[in-house]
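Beneath this line is the structure, given in structure tokens, with notes to follow.
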Amino acid sequence: MSEDGRDRFEIPKEMRSMAEASFGQARAAFEKFLSSAHQTAGSIEERGASVRAGAKDISSKAVSYAEKNVQASLDYAQSLLHAKDLTEVMRLHSEFIQSQMRSLAEQASEMGQMVSRTAMDAAKPKT
């Protein structure tokens with residue numbers, strides 16, 4: 001018994017050494033986890049900026065296409081007002097449809113490329 005009347009329980013040195021080593025390993029693992037979490041958060045922020053920039057470019061291009069398509073429709077409507085007969089109306093309509101199909105195909109292709117580039121940029125590992 002100890003002087004104050006209680007039994008003192010002593011941890012064997014080997015056990016204490018093992019506990020201290022385990023604690024040290026746990027602390028090191030936790031610090032490594034925190035470091036990785038901070039790096040990941042930074043990477044996400046960088047990727048977010050890249051995605052936002054790409055989305056802004058895509059949005060601007062979509063507005064540009066909309067303006068172009070509306071202008072083409074207005075030009076088509078105006079040309080119809082000056083048509084002399086049904087044959088000219090049919091010709092103008094055919095030309096407009098063909099022109100719009102080409103434009104829409106080009107626009108869809110370019111938008112697809114922009115979206116792919118933005119996605120690839122966002123997925124690129126940052127160095």
Open item on the list: Main chain of Ser99, side chain of Ser103: is a donor-acceptor contact present, judged purely on distance under 3.5 Å?
Closed with: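 Yes.
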Open item on the list: Could you check whether any side-chain N or O of Ser59 sits under 3.5 Å from a backbone N or O of Ala55, counting only pairs where one atom can act as donor and the other as acceptor?
Closed with: no
Apply side-chain contact (heavy atoms from CB on, under 4.5 Å) to [X] and list each qualifying residue two or more places apart in sequence or on a separate chain.
X      : result
Gln113 : Ser109, Arg117
Ala77  : none
Met90  : Leu86

Open item on the list: Test question: given the 4.5 Å side-chain rule for I, L, V, M, F, W and Y, name all other residues clustered with Met114, or answer none.
Closed with: Ile58, Tyr65, Met111, Val115
TODO: Mind jotting down which residue pairs meet the salt bridge (charged side-chain N to carboxylate O under 4.0 Å, His left out) criterion with at least one end in residues 100-116? Sequence neighbours excluded, please.
DONE: Lys61-Glu110
TODO: Provide the full list of ring pair (Phe, Tyr, Trp, His ring centres under 6.0 Å) pairs with a residue in residues 95-122, sequence neighbours left out, each pair given once.
DONE: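 Sorted result for residues 95-122: Tyr76-Phe96.
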- [ ] Write down the atom of Leu92, the atom of Ser79, and the distance for their closest heavy-atom approach.
- [x] CD1-O, 3.5 Å
